[in-house]
Each structure stands twice: as C-alpha cells, then as structure tokens.
Amino acid sequence: MSRFWNQLQAGSSEVDWCEGNYMIVSNIAEFYNTISNVLFFVLPPICMYLFRQYATCFNSGIYLIWTLLVVVGIGSVYFHATLSFLGQMLDELAILWVLMCALAMWFPRRYLPRIFRRDRSRFKAAVGILSGVTTCLAFVKPAINNISLMTLGIPCTALLIAELKRCENIRVYKLGLLAGFWWALALLCWISDNLFCELWSAFNFPYLHCVWHILICLAAYLGCVCFAYFDAVSEIPEQGPVIKFWPSEKWAFIGVPYVSLLFAENKSQLKVT
C-alpha cells in the first residue's frame with residue numbers, strides 16, 4: 001500500500017521533460033506542458049457531435065475512440081502537473097489504448113488472418129486481451145510502454161500508407177498526407193526535446209514537448225478520420241461515405257473534417273456480416 005501512495009507523490013516519475021519545473025505556478029510542475037493538452041478536450045466533443053450519423057448508421061465504436069482521446073488528455077495533464085509515476089502510466093497507457101482500439105476497429109478485413117476475417121469480434125477480443133496483458137506488464141516494467149508505443153506506431157503508419165495508395169479520393173489522400181506530416185513533425189519535436197534539451201534551453205525555448213502535444217493530437221485525430229473513412233468505404237460503400245468539413249465546405253482543410261454518409265441507412269436495416 002505504501003508503494004502505491006509513493007507512486008502518487010509528485011516527482012515520483014523518473015521522466016522529466018525539458019521545461020523547468022514549478023517555474024510558472026507553484027503547484028504545477030510543467031505548466032506549459034500541462035496546458036498544451038487543451039486540444040484533447042476540445043476536438044473529441046466536436047467529433048462526437050459530427051460523427052453522430054456515422055455512429056448511428058454504421059459504427060458506434062467511434063465514440064470510444066473520441067472518449068479515449070479525452071482520457072489521453074486527462075492522463076497527460078495529470079502527469080505533467082505532478083510528474084508522478086501514476087501520472088506517467090496513465091499518460092502512456094491511454095495512448096496505447098487508443099492505438100489498440102483503433103487497430104481492433106479499423107484494421108482492414110482483407111489483411112486479417114482467416115480465423116478473424118468473418119468475425120471481427122474475435123479479433124477485437126484478442127486485441128483486448130493483449131491490451132490488458134500489456135497494461136499489467138507496464139506497471140511491472142515501465143520501459144515496456146515505450147517499446148509498445150513505438151512498435152504499434154510502425155504498423156499504424158504502414159497501414160495509413162497502404163490505404164492511401166489504394167485511395168482514389170484526392171481529398172482523403174491530402175488529409176492522410178497531412179496526418180502523416182503532423183505525425184512526423186510531432187515525432188521530431190518529441191525526440192529533439194528529449195535529446196537536445198540543453199541546446200533548446202540555451203535558446204530559451206524548452207517547450208518542444210508542448211508542440212508535440214498539439215501536433216500529435218492533430219495527427220491522431222486526422223488519422224482516425226481517415227481510417228473511419230477507409231473502413232466505411234470497405235464495409236458500406238453503398239452508403240456513399242465522403243469527407244466533409246465543419247463548419248462549412250468553404251473551410252476545406254482549415255475546418256474540422258468528418259465522415260458523412262450520403263445515402264445513410266439505419267443500422268438496424270443493414271445486413272450484418
């Protein structure tokens with residue numbers, strides 16, 4: 001029990017980013033790294049609203065994705081505000097859960113092993129078990145988190161590239177490229193803040209991890225929109241899935257993209273396969 005309480009203590013994590021601690025507010029360790037998570041609390045609620053038709057007529061699991069992105073924000077805020085070990089675990093594991101959930105829901109059926117191809121629920125169960133095991137092991141060996149996240153990042157990137165090669169919709173293609181660009185830039189910021197902290201501190205800008213938060217949120221969100229579209233095109237092409245932008249089509253690539261079904265049917269009327 002005492003070990004658990006120790007993990008709740010501020011500063012109990014071995015991870016400490018480049019930003020100076022308790023420099024702005026006396027009870028927040030990394031102030032800018034904490035507030036830079038704001039997009040994780042703004043975008044998901046908007047997405048839940050915009051994807052209502054998608055969820056109702058095709059896949060309500062999309063709500064879980066947006067909810068988990070909020071959990072990522074909560075975990076990151078808690079971690080950077082306290083630098084506690086438990087906060088570190090919540091931060092890293094929430095990202096793992098988003099990736100595993102996305103793979104379980106959107107991994108292309110044509111690439112699935114034959115045992116899972118006809119019944120995706122089996123694949124979801126297998127991914128769920130793997131996520132549970134990885135979560136438990138992460139508390140025993142925290143280094144597993146980074147290995148898991150980096151390992152999962154590879155197939156996710158490869159899948160995005162493979163789907164974009166098959167995509168004939170120029171709007172979706174550009175959206176996928178934008179997601180990839182933000183992801184690459186975010187990764188560069190994460191590595192640079194981690195390895196070249198002294199250099200950036202010399203320029204009085206130890207805030208690249210803040211930029212990582214903003215860019216990775218945009219990359220994750222755009223990637224989810226793309227995979228939601230790919231899945232709809234594969235499973236329900238007759239419903240005419242398209243990418244639209246909110247609040248207006250005039251805001252293409254500036255507004256918030258989402259998947260709309262031009263010929264939507266109620267899910268209860270669809271044939272389940």
Side-chain angles (χ1 to χ4, degrees), residues 33-55 58-77 90-107 149 152-153 155-161 163-164 167 169 171-190 209-233 241-249 251-261:
N33 280 350
T34 299
I35 66 172
S36 59
N37 288 287
V38 63
L39 279 183
F40 286 104
F41 299 95
V42 173
L43 275 177
I46 295 175
C47 293
M48 288 184 182
Y49 173 78
L50 296 176
F51 276 81
R52 289 175 303 164
Q53 182 204 47
Y54 183 95
F58 177 45
N59 189 349
S60 59
I62 190 75
Y63 287 142
L64 180 58
I65 293 288
W66 305 135
T67 301
L68 286 175
L69 281 179
V70 175
V71 175
V72 170
I74 294 172
S76 186
V77 165
L90 290 175
D91 183 20
E92 296 174 350
L93 288 174
I95 300 173
L96 176 67
W97 297 335
V98 170
L99 290 173
M100 297 295 269
C101 183
L103 283 174
M105 190 162 61
W106 291 325
F107 195 91
L149 293 176
L152 281 173
C156 288
T157 303
L159 278 176
L160 179 60
I161 294 173
E163 292 301 295
L164 288 178
C167 182
N169 187 312
R171 172 175 283 195
V172 179
Y173 186 81
K174 289 181 178 179
L175 204 65
L177 290 181
L178 190 60
F181 174 74
W182 291 136
W183 157 244
L185 196 58
L187 188 60
L188 181 63
C189 289
W190 188 91
H209 199 73
C210 305
V211 182
W212 150 266
H213 285 156
I214 296 169
L215 296 182
I216 199 62
C217 183
L218 291 174
Y221 157 66
L222 293 177
C224 287
V225 172
C226 287
F227 278 110
Y229 170 83
F230 296 144
D231 191 42
V233 167
V242 295
I243 294 290
K244 290 187 176 182
F245 289 86
W246 178 85
S248 169
E249 284 296 293
W251 288 45
F253 298 99
I254 299 176
V256 180
Y258 65 100
V259 179
S260 178
L261 305 176

Legend entry - Side-chain heavy atoms of Leu218 within contact of Phe181, under 4.5 Å: no

Legend entry - Side-chain touch Phe230/Leu164, heavy atoms, less than 4.5 angstrom: yes

Legend entry - Under 3.5 Å: donor-acceptor pair, side chain of Gln53, backbone of Leu261: yes

Legend entry - Check: Asp231 side chain, Ala228 main-chain N or O, donor-acceptor pair, under 3.5 Å: no

Inset, instruction - Heavy atoms only: give me the nearest Arg171-Glu249 pair and the separation to one decimal. - result: NH1-OE1, 2.7 Å

Inset, instruction - Calculate, to the nearest 0.5 Å, the distance between atoms CD1 and CG belonging to Ile243 and Leu175 respectively. - result: 6.0 Å

Legend entry - Shortest non-hydrogen contact from Leu39 toward Pro44: O-CD, 3.6 Å

Inset, instruction - Hey, could you give me the SG/CE distance between Cys156 and Met100, rounded to the nearest 0.5 Å? - result: 10.0 Å

Legend entry - 4.5 Å side-chain heavy-atom contact, Asn33 and Trp212: no

Inset, instruction - Could you tell me whether a side-chain N or O of Tyr54 sits under 3.5 Å from a main-chain N or O of Tyr229, the two making a donor and an acceptor? - result: no

Legend entry - Flag, side chain of Thr157 to backbone of Gly153, donor-acceptor distance under 3.5 Å: yes

Inset, instruction - Please indicate whether Tyr63 has more than 12 foreign heavy atoms, meaning atoms of other residues, nucleotides or ligands, lying under 6.0 Å from its OH. - result: yes

Legend entry - Minimum heavy-atom distance between Ala179 and Gly223, given as atom pair plus value: CB-N, 3.9 Å

Legend entry - Nearest-0.5 Å distance, CG of residue Leu50 to CH2 of residue Trp66: 9.5 Å

Legend entry - Any Ile254 side-chain heavy atom under 4.5 Å of Phe245 side chain: no

Legend entry - Spacing of CG belonging to Leu185 relative to CD1 belonging to Ile214, to within rounding of 0.5 Å: 11.0 Å

Legend entry - Separation of Leu187 CG from Leu215 CG (nearest 0.5 Å): 11.0 Å

Inset, instruction - Answer whether the closest heavy-atom distance between the side chains of Trp106 and Ile65 falls below 4.5 Å. - result: yes

Legend entry - Distance (rounded to the nearest 0.5 Å) between Asn37 CG and Ser76 OG: 3.5 Å

Legend entry - Minimum-distance pair of heavy atoms, taken over all atoms of Met48 and Arg52: O-CG, 3.3 Å

Inset, instruction - Could you tell me whether the side chain of Phe41 reaches within less than 4.5 Å of the side chain of Val70, counting heavy atoms only? - result: yes

Legend entry - Criterion side-chain contact (heavy atoms from CB on, under 4.5 Å) on Val71 and Val98, from CA distance to verdict: CA-CA 9 Å; Val71 175; Val98 170; over 6 Å; no

Legend entry - Test side-chain contact (heavy atoms from CB on, under 4.5 Å) applied to Leu159 and Phe227, step by step: CA-CA 9 Å; Leu159 278 176; Phe227 278 110; 4.0 Å; yes

Legend entry - Residue pair Phe58 / Ala232: nearest heavy atoms and the distance that separates them: CE2-CA, 3.8 Å

Legend entry - Minimum side-chain heavy-atom gap Ile46-Tyr49 below 4.5 Å: no

Inset, instruction - Check whether any side-chain N or O of Asn169 sits under 3.5 Å from a backbone N or O of Val172 as a donor-acceptor pair, and report yes or no. - result: yes

Legend entry - Closest contact, heavy atoms only, Trp190 versus His209: CD1-CE1, 3.7 Å

Legend entry - By side chain to side chain donor-acceptor pair (under 3.5 Å) - contacts of Ser36 (at least two apart): His213

Inset, instruction - Please lay out, stage by stage, how Val225 and Phe51 fare under the test side-chain contact (heavy atoms from CB on, under 4.5 Å). - result: CA-CA 10 Å; Val225 172; Phe51 276 81; 4.1 Å; yes

